[in-house]
Amino acid sequence: MNQYSHSPAGMRPHRGVLVLVFGILGLVLCFLFGIAAWVMGGADLRQMDAGHMDPEGRGLTQAGKICGIIAVVLQLIGIVFVAVFFGLAILGAIAGAASQGP
C-alpha cells in the first residue's frame, strides 16, 4: 500500500483541511499562518489544476487561501495604521517642543 492509495488514480492527497486551519489561525492568532495558508493553497491549487493532486479538496483549499490572504491584508492595514499613528505622535511631540521654545 503506497502513500497515494486514498487518492484517485495515484494522485497526491489534498491538504485542504490543513490549508483551511492555517487560514483560520492566520485570522485569529498570527498572520504567519495566513502567509503559510496563502502559499500552500496557491501551490496546491496549481497541483490540482495540473492533475497531480486530488481535486476533492479544492473548496477547502480555496477557502483556506482566501482566509490567509485576508489575514495578511488585515495585518498590513494594521501595520500601516500603527505607523501613521506613531508618526503623527512624533510630529506632534516635535511641534509641541518647538512651540515651547528654549
Side-chain angles (χ1 to χ4, degrees):
M1 189 165 165
N2 65 22
Q3 63 179 338
Y4 305 120
S5 62
H6 299 299
S7 299
M11 292 181 183
R12 291 184 9 203
H14 69 82
R15 301 183 295 184
V17 173
L18 179 64
V19 174
L20 181 59
V21 168
F22 276 9
I24 292 169
L25 288 175
L27 287 169
V28 176
L29 290 179
C30 176
F31 80 101
L32 295 176
F33 285 110
I35 293 172
W38 190 350
V39 171
M40 288 174 57
D44 286 4
L45 289 171
R46 283 190 297 277
Q47 290 292 316
M48 288 175 192
D49 290 341
H52 300 295
M53 186 174 280
D54 183 6
E56 185 176 317
R58 178 175 289 279
L60 293 172
T61 304
Q62 287 175 329
K65 180 181 175 185
I66 290 168
C67 286
I69 291 170
I70 292 170
V72 171
V73 168
L74 288 176
Q75 182 65 34
L76 290 175
I77 290 170
I79 289 171
V80 168
F81 177 76
V82 169
V84 168
F85 177 77
F86 280 114
L88 291 174
I90 290 170
L91 287 176
I94 291 171
S99 67
Q100 288 181 348

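Keep in mind that this is a model prediction, so the values were computed, not measured.
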Do you know the tightest heavy-atom contact between [X] and [Y]?
X: R12; Y: M53; answer: NH2-CE, 3.2 Å
X: G64; Y: A37; answer: O-CB, 3.6 Å
X: G41; Y: V19; answer: CA-CG1, 3.9 Å

D44, V21, T61 screened by side-chain contact (heavy atoms from CB on, under 4.5 Å) with R15, the one that passes: D44

Please collect all ring-ring contact (aromatic ring centres under 6.0 Å, His included) contacts where either partner lies in residues 19-67, sequence neighbours excluded, each pair once. F22-F33

Under a 4.5 Å side-chain heavy-atom rule over Ile, Leu, Val, Met, Phe, Trp and Tyr, are [X] and [Y] clustered together?
X: L74; Y: I66; value: yes
X: I70; Y: V73; value: no
X: L29; Y: I69; value: no
X: V39; Y: L60; value: no
X: I77; Y: V72; value: yes

Are there over 12 heavy-atom neighbours, none belonging to E56, within less than 6.0 Å of that residue's CD?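 No, CD of E56 has 12 or fewer neighbouring heavy atoms, counting only those of other groups under 6.0 Å.
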
Less than 4.5 Å apart, side chain to side chain, heavy atoms only: is that true for Q62 and L45?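 In contact.
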
Applying side chain to side chain donor-acceptor pair (under 3.5 Å), can you list everything that pairs with R58, at least two apart in sequence or on another chain?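 Partners of R58 under the side chain to side chain donor-acceptor pair (under 3.5 Å) test: D49.
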
For the atom pair CZ (F85) and CD1 (I90), what is the distance rounded to the nearest 0.5 Å? 10.5 Å

Would you give the length of the straight line joining atom CE of M11 to atom CE of M48, rounded to the nearest 0.5 angstrom?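 So the CE of M11 and the CE of M48 are separated by 10.0 Å.
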
